[in-house]
Trainee: 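Below you'll find the structure I mean.
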2 protein chains.
Amino acid sequence: MGINRCIEILKKTNLKITPKRRAIIRFFLENVRYFTPEEVWAALKIDFKHLGLPTIYRNLKEFENIGILVRVSRSDQQLYYATCRLGKRIKHHHFVCQKCGRVIGVEFCNFKSIAGDIEKKLNCKITSHFMQIEGLCSECKQREKMRKEFKK
Amino acid sequence: MGINRCIEILKKTNLKITPKRRAIIRFFLENVRYFTPEEVWAALKIDFKHLGLPTIYRNLKEFENIGILVRVSRSDQQLYYATCRLGKRIKHHHFVCQKCGRVIGVEFCNFKSIAGDIEKKLNCKITSHFMQIEGLCSECKQREKMRKEFKK
DNA sequence: CTGCGTGCAAAGTATTTGCAAACCG
DNA sequence: CGGTTTGCAAATACTTTGCACGCAG
């Protein structure tokens, strides 16, 4: 999802395209990983003399609503946001790289294949499920491999 | 996991068995669903004249560490705890009833069957995954069904 | 009787709100 | 120009910490 698609979504939802909103979106597109609101703020303050943290909070939340950003779950109680190639329309999960924080949408989770089993065993009815997968992304896996070979 | 097993764990980990700790554990065992620290506090304050919220926080965290309680993830940024039949030793997931909040451990998730597929498609290496399943538990499903039949 | 547990107050951290001024369209 | 967006200050919500006293083992 490029910047043009994002701006299109802003227009469609009657949100104004301000320099700060542009910057937030650009920031996420250029840094494909998850960030806390504070981190986004720190990064953008370099370019903007006046930039309030509440502005960041407000916009990140807004962007999540309209599907430009997704929230990432961590066990600490903080907000994390990232871009995800897959928009809001497709129900999907996220792979999060434990090394670089990159977030990748995973639409092919055949949960159905195990749902029936669980329903039978618990005698319950499953209505939804949330999954987050962690590991090393393609790049980090490669890097890891090279590092190991270098050691030899 | 009954109260005796819990007390056994407390002893094993050199935690003292105080009336308040007993009460917290009993509370969770008698109300098989997830609670915020504040809810636990509110419920136990009835029995204890002096009971600090920090005590609840401290103990819930402690109990999570030693495997008496588990944390439940919700999209709001609050702490939720519950008991789970499955202890810490077995890696497992949770089924959470959207009606009554009951938490049930699910050890039979054959994630392995789909992990390979994801690894291949993303060219990544998966090291862990988190899953939470929601729906209606056995009792609530039954109740729902009865309600529907009654309407006819 | 020794050290862990607890209450209370206070601090800390993350997030939200109110409102006037600035700005997009 | 009108309504949205923003900065700033302040409030709020949740959680943790410090310390003196109390109690389990």
Side-chain angles (χ1 to χ4, degrees), chain A residues 3-4 6-27 34-66 68-69 71-81, chain B residues 3-4 6-27 34-66 68-69 71-81:
Chain A
I3 189 133
N4 291 330
C6 292
I7 286 175
E8 201 180 292
I9 294 172
L10 285 183
K11 277 183 186 160
K12 205 178 292 173
T13 47
N14 293 315
L15 294 177
K16 294 187 172 174
I17 294 134
T18 66
K20 279 157 195 181
R21 284 191 171 150
R22 272 200 139 82
I24 293 173
I25 293 169
R26 200 161 343 141
F27 174 74
Y34 61 82
F35 293 95
T36 62
E38 192 130 5
E39 287 171 330
V40 177
W41 183 52
L44 298 189
K45 260 204 303 192
I46 298 164
D47 295 327
F48 293 95
K49 203 157 230 167
H50 296 284
L51 176 62
L53 189 48
T55 297
I56 303 293
Y57 273 95
R58 282 185 283 232
N59 280 310
L60 297 186
K61 191 185 264 188
E62 200 93 69
F63 291 174
E64 192 209 345
N65 281 338
I66 62 175
I68 288 181
L69 294 179
R71 279 204 22 214
V72 176
S73 291
R74 314 259 82 207
S75 60
D76 59 19
Q77 304 298 101
Q78 275 203 260
L79 289 171
Y80 292 95
Y81 292 93
Chain B
I3 187 132
N4 291 329
C6 291
I7 287 176
E8 199 181 292
I9 293 172
L10 285 184
K11 276 183 186 160
K12 204 178 293 172
T13 47
N14 294 315
L15 294 178
K16 295 186 173 172
I17 294 134
T18 66
K20 280 156 193 179
R21 283 188 173 156
R22 271 199 139 83
I24 293 173
I25 293 170
R26 201 162 341 144
F27 174 75
Y34 60 82
F35 293 96
T36 62
E38 192 130 7
E39 287 171 329
V40 177
W41 183 53
L44 298 188
K45 261 204 302 191
I46 298 165
D47 296 327
F48 294 95
K49 202 157 231 165
H50 296 282
L51 176 62
L53 189 49
T55 297
I56 303 294
Y57 272 95
R58 282 185 282 231
N59 280 311
L60 297 186
K61 191 185 264 188
E62 199 92 70
F63 291 174
E64 193 209 344
N65 281 338
I66 63 176
I68 288 181
L69 295 178
R71 279 206 19 216
V72 176
S73 292
R74 312 260 83 207
S75 60
D76 59 19
Q77 304 298 98
Q78 274 205 260
L79 288 171
Y80 291 96
Y81 291 94

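Naming: A, B, ... by sequence-line order, numbering from 1 per chain. The basis for the numbers below is simple: all heavy atoms, side chains too, and nothing from hydrogens, waters or symmetry mates.
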Trainee: Test of understanding: with side chain to side chain contact (heavy atoms under 4.5 Å, CB included), list the residues that count as partners of A/Arg71, not counting sequence neighbours.
Mentor: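 If we apply the side chain to side chain contact (heavy atoms under 4.5 Å, CB included) test to A/Arg71, skipping adjacent residues, the hits are A/Glu64, A/Leu79, A/Tyr81, B/Gln77.
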
Trainee: Can a donor-acceptor pair be found, under 3.5 Å and without considering hydrogens, that links the side chain of B/Trp41 to the backbone of B/Ile56?
Mentor: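 Not at all, since once roles are kept as given, no pair shorter than 3.5 Å links the two residues.
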
Trainee: Could you give the distance from OG1 (A/Thr55) to CZ (A/Phe48), rounded to the nearest 0.5 Å?
Mentor: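 That separation rounds to 10.5 Å.
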
Trainee: Mind checking side chain to side chain contact (heavy atoms under 4.5 Å, CB included) for A/Asp76 and listing every partner two or more places apart, or none if nothing turns up?
Mentor: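 Here the qualifying residues are A/Arg74, A/Gln78, A/Tyr80.
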
Trainee: Is there a side-chain contact between A/Asn14 and the phosphate of D/dG3, meaning an N or O under 4.0 Å from OP1 or OP2?
Mentor: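 Checking D/dG3 against A/Asn14, no side-chain N or O comes under 4.0 Å of OP1 or OP2.
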
Trainee: Report the distance from atom CG of B/Leu51 to atom P of C/dT6, rounded to the nearest whole Å.
Mentor: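 Checked: the CG to P distance equals 9 Å.
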
Trainee: Mind calculating the distance between CZ (A/Arg22) and P (D/dT6) to the nearest angstrom?
Mentor: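 So the CZ-P distance, A/Arg22 to D/dT6, works out to 13 Å.
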
Trainee: When the distance from CG of B/Asp76 to C1' of D/dT12 is rounded to whole Å, what number comes out?
Mentor: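 Distance, rounded to whole Å: 15 Å.
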
Trainee: Base contacts versus sugar-phosphate-only contacts with protein, heavy atoms under 4.0 Å: please encode nucleotides 11-22 of chain C as B, S and - from 5' to 3'.
Mentor: ---SBBBB----

Trainee: To the nearest angstrom, how far is B/Glu39 atom CD from D/dC14 atom P?
Mentor: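 Result: 10 Å.
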
Trainee: Would you mind reporting whether A/Ile68 and A/Glu62 have side-chain heavy atoms less than 4.5 Å apart?
Mentor: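 Side-chain contact under 4.5 Å: no.
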
Trainee: To the closest 0.5 Å, what do you measure between NZ (B/Lys61) and CD1 (B/Ile66)?
Mentor: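 Those atoms lie 14.5 Å apart.
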
Trainee: For nucleotides 22-25 of chain D, give me every protein contact, N/O to N/O, under 3.5 Å, one pair per line with atom names.
Mentor:
unit_1, atom_1, unit_2, atom_2, d
D/dA24, N3, B/Lys16, NZ, 3.3
D/dG25, OP1, B/Ile17, N, 3.2

Trainee: I want to check one thing: is the phosphate of D/dT6, taken as OP1 and OP2, less than 4.0 Å away from some side-chain N or O of A/His50?
Mentor: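 For D/dT6, OP1/OP2 do not have a side-chain N/O of A/His50 under 4.0 Å.
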
Trainee: Sequence neighbours excluded, which residues qualify as side chain to side chain contact (heavy atoms under 4.5 Å, CB included) partners of A/Phe35?
Mentor: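 Applying side chain to side chain contact (heavy atoms under 4.5 Å, CB included) to A/Phe35 gives A/Phe27, A/Phe28, A/Asn31, A/Arg33, A/Glu39, A/Val40.
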
Trainee: Atom CG of A/Asn65 and atom P of D/dT5: how far apart are they, to the nearest Å?
Mentor: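 Taking CG of A/Asn65 and P of D/dT5, I get 13 Å after rounding.
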
Trainee: So, taking the atom named CZ in B/Phe63 and the one named CD1 in B/Ile25, what distance separates them when rounded to the nearest 0.5 Å?
Mentor: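 CD1 of B/Ile25 is found 4.0 Å from CZ of B/Phe63.
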
Trainee: What's the angle between the local helix axes at either end of the helix from C/dC1-D/dG25 to C/dG25-D/dC1, using five pairs per end and rounding to 10 degrees?
Mentor: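 It works out to 40° between the end axes.
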
Trainee: Measure the distance from CD1 on A/Ile66 to P on D/dT5 and round it to the nearest whole Å.
Mentor: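 These atoms are roughly 10 Å apart.
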
Trainee: Quick one: B/Phe48 CZ to C/dG7 C1', roughly how many Å, whole number?
Mentor: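 Taking CZ of B/Phe48 and C1' of C/dG7, I get 13 Å after rounding.
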
Trainee: Mind calculating the distance between CD1 (A/Ile56) and C1' (D/dT5) to the nearest angstrom?
Mentor: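 Nearest whole value for this atom pair: 13 Å.
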
Trainee: Could you go through residues 11-21 of chain A and list every donor-acceptor pair under 3.5 Å that involves a side-chain atom there, pairing it with any protein atom two or more places apart or in another chain?
Mentor:
unit_1, atom_1, unit_2, atom_2, d
A/Thr13, OG1, A/Ile9, O, 2.7
A/Thr13, OG1, A/Leu10, O, 3.1
A/Thr18, OG1, A/Arg21, N, 3.2
A/Lys20, NZ, A/His50, O, 2.9
A/Arg21, NE, A/Asn59, OD1, 2.8
A/Arg21, NH1, A/Lys16, O, 2.8
A/Arg21, NH2, A/Asn59, OD1, 3.3

Trainee: Can you list everything that forms a salt bridge (charged side-chain N to carboxylate O under 4.0 Å, His left out) with B/Glu8? Sequence neighbours excluded, please.
Mentor: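 Per chain and number, B/Glu8 pairs via salt bridge (charged side-chain N to carboxylate O under 4.0 Å, His left out) with B/Arg5.
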
